[in-house]
Amino acid sequence: MSDTKTYIQENKDRFLDDLFQLLRIPSISADSAYKEHTLKTAEAVKQSLIDAGADVAEICDTAGYPVVYAEKMVDPNAPTVVVYGHYDVQPADPLDLWTTPPFEPEIRKTEILPEGAIFARGACDDKGQMFMHVKAFEAMVKTNSLPCNIKFMIEGEEEVGSPSLEGFIKENKEKLAGDVILISDTGMIANDTPSITTGLRGLSYVEVEVTGPNRDLHSGLYGGAVANPINILNKMIASLFDENNHITIPGFYNDVIELSAEERAAMAKAPFNLDAYKKHLDINDVYGEAGYTTNERNSIRPTLDVNGIWGGYTGEGAKTVIASKAYAKISMRLVPAQDPNKISQLFAEHFTKIAPEAVKVKVTPHHGGQPYVSPIDTAEYQAASKAMEESFGKEPIPVRSGGSIPIVALFEKELGMKSILMGFGLDSDAIHSPNEHYGVFNYFKGIETIPLYYKHYANLKKG
Ligand code: BES
Ligand code: MN
Ligand code: MN
């Protein structure tokens, strides 16, 4: 193992250069203008897996962007680890808020990351984290220390809801067979407080359209006499919360599994500094559901958020107009055992019901995903815990995250494998935002920790 560590040390500069090359390709899956770049990124990932020592590496076509698959089988009796990650990234806009261009990676120091951070779209989510697995794999292959069989499944549509991956895993169950899915696409508490993600929230995402009069109207001639769809939409959205910030959709909380007092007390032990949190976001106070702490609100409680709202005149100056239509995109983060289809249905029924006669409402569901929780009393989790304890010198804390990786619940359902969410990002990495970055420390800590996972997992499975 110390050989592996030495190999990583000796190849640090190249490991950074190789990541930079990947970060330079704008693989924005949401925007078809970037199609060629996104396909090129898949090729680059495939090549990096061949260079690292994969026996097989291939581009697997799907109805959308391809899945990069690779494997190295070392011993039919050894356990098989399936690595999942994604090579696509979020759109980079608004571009003018980036200090340096999103696809020209640069290392700069930050307050939290004094050793420097790689600034680029995808630096953390997920190219940087996914690539740690490619480099850790290389280090294990080159030092003859890979104790498990390994398979890679790197997709290009995670940021748009993984529309093709479900079909891919259903059609390739044998090819993807293994013992555990290992993912680095989440975060940890802090660089001196390692943690492992044991839960992800589910997601239900809907778009609503409110239509008033059949055309835009003069707001003087008609104002006050007809329903203004923008006014109405705002009123309807506001009514989705009561005075305690509970969501008012009937049945919304029916399937929520409440945590026991013991579980909540254990959660509250994770270090968290509310003042630092507020300072980091430049807010005077936090805001949310009554009766829950900030960390509970963003992990074990379901939420509803407007992600975008538009309609009417938003150009320069003033135009006196009542728009014919108003729109909003609304996400609901779900917790076990809420079902996204059921929640979208409840939302649609309620939203249609609360609309006044004077408007028409259309609700269109977008992608969704089931929530996920993983047990900690398994060899799969314990291997991750031991690996992080060895590399950080501290036992990692199990924590539930507020984010979503919808495909994780499907891996369990379709492939019968649990996922281990051993992520090395920080909440402050600004994923999906301008100036996304990933600590140089975190990148190398990940590359160093991953081989330890394989070592401990192989040992634990030997019994
Ligand atoms: N890697 C993130 C999810 C994440 C980040 C989970 C940090 C936990 C901690 C993933 O790429 C993502 O952005 N997921 C989307 C859902 C998807 C359907 C677009 C999300 O959570 O909004
Ligand atoms: Mn991600
Ligand atoms: Mn993401």
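Order of appearance sets the numbers: ligands from 1, and atoms from 1 within every ligand. Just so it is clear, the values below take in all heavy atoms, side chains as well, and ignore hydrogens, waters and symmetry mates.
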Hey, does [X] sit under 4.0 Å from ligand 1 if you only count heavy atoms?
X    : result
G369 : no
V160 : no
R333 : yes
H86  : yes
D126 : no

Is [X] salt-bridged to [Y], cutoff N-O under 4.0 Å?
X    : Y    : result
K445 : E115 : no
E258 : R301 : yes
E289 : R297 : no
K386 : E389 : no
K40  : E36  : no
E380 : K461 : yes

What is the nearest protein non-hydrogen atom to [atom], stated with its residue, atom name and distance?
atom                    : answer
atom 11 (O) of ligand 1 : E158 OE1, 2.7 Å
atom 16 (C) of ligand 1 : S404 O, 3.6 Å
atom 19 (C) of ligand 1 : E159 O, 3.7 Å
atom 4 (C) of ligand 1  : D185 O, 3.6 Å
atom 6 (C) of ligand 1  : G403 CA, 3.7 Å

Identify which protein N/O/S atoms are less than 2.8 Å from the Mn ion (ligand 2).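 Protein N/O/S atoms under 2.8 Å of the Mn ion (ligand 2): H86 NE2, D125 OD1, D185 OD1, D185 OD2.
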E71 and Y69: side-chain donor and acceptor closer than 3.5 Å?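 Yes, Y69 and E71 have a side-chain donor paired with an acceptor closer than 3.5 Å.
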Looking only at the side chains, is there a donor atom on one of D17 and Q21 sitting less than 3.5 Å from an acceptor on the other?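 No pair is found: no donor N or O on one side chain lies under 3.5 Å from an acceptor on the other.
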For [X], atoms of ligand 1 separated by under 4.0 Å from a heavy atom:
X    : result
H367 : 18 (C)
P406 : 18 (C)
I431 : 5 (C), 7 (C)

Hey, which of K175, K151, K46 is the one that makes salt bridge (Lys or Arg N to Asp or Glu O under 4.0 Å) with E58?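 The salt bridge (Lys or Arg N to Asp or Glu O under 4.0 Å) with E58 is passed solely by K175 among K175, K151, K46.
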Could you tell me whether S401 and ligand 1 have an N or O pair separated by under 3.5 Å?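 So ligand 1 has no N or O lying under 3.5 Å from an N or O of S401.
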Ignoring angles and geometry beyond distance, decide whether T186 reaches within less than 3.5 Å of ligand 1 through its nitrogen or oxygen atoms.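 By distance alone, the answer is no.
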By side chain to side chain contact (heavy atoms under 4.5 Å, CB included) - contacts of F241 (at least two apart):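 In terms of side chain to side chain contact (heavy atoms under 4.5 Å, CB included), with neighbours along the sequence ignored, F241 is linked to N245, I247, L304.
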Could you tell me which residues satisfy side chain to side chain contact (heavy atoms under 4.5 Å, CB included) with P302, sequence neighbours excluded, listed by chain and number?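 Expected list: F252, Y253, V256, V335, Q338.
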Indicate the ring-plane relationship of Y84 and F411, choosing parallel, tilted or perpendicular according to the 30° and 60° boundaries.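 Y84 and F411: perpendicular rings.
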Measure from atom 2 (C) of ligand 1 to every heavy atom in D125, D427, V89, L200 and give the option owning the shortest one.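 Looking at heavy atoms only, D125 sits closest to atom 2 (C) of ligand 1.
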Residue pair A270 / I189: nearest heavy atoms and the distance that separates them: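 Between these two residues, the closest heavy atoms are CB-CD1, 4.0 Å.
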Once salt bridge (charged side-chain N to carboxylate O under 4.0 Å, His left out) is applied, do any residues pair with E106, and if so which ones, sequence neighbours excluded?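 Testing E106 for salt bridge (charged side-chain N to carboxylate O under 4.0 Å, His left out), a comparison that skips the adjacent residues, returns R108.
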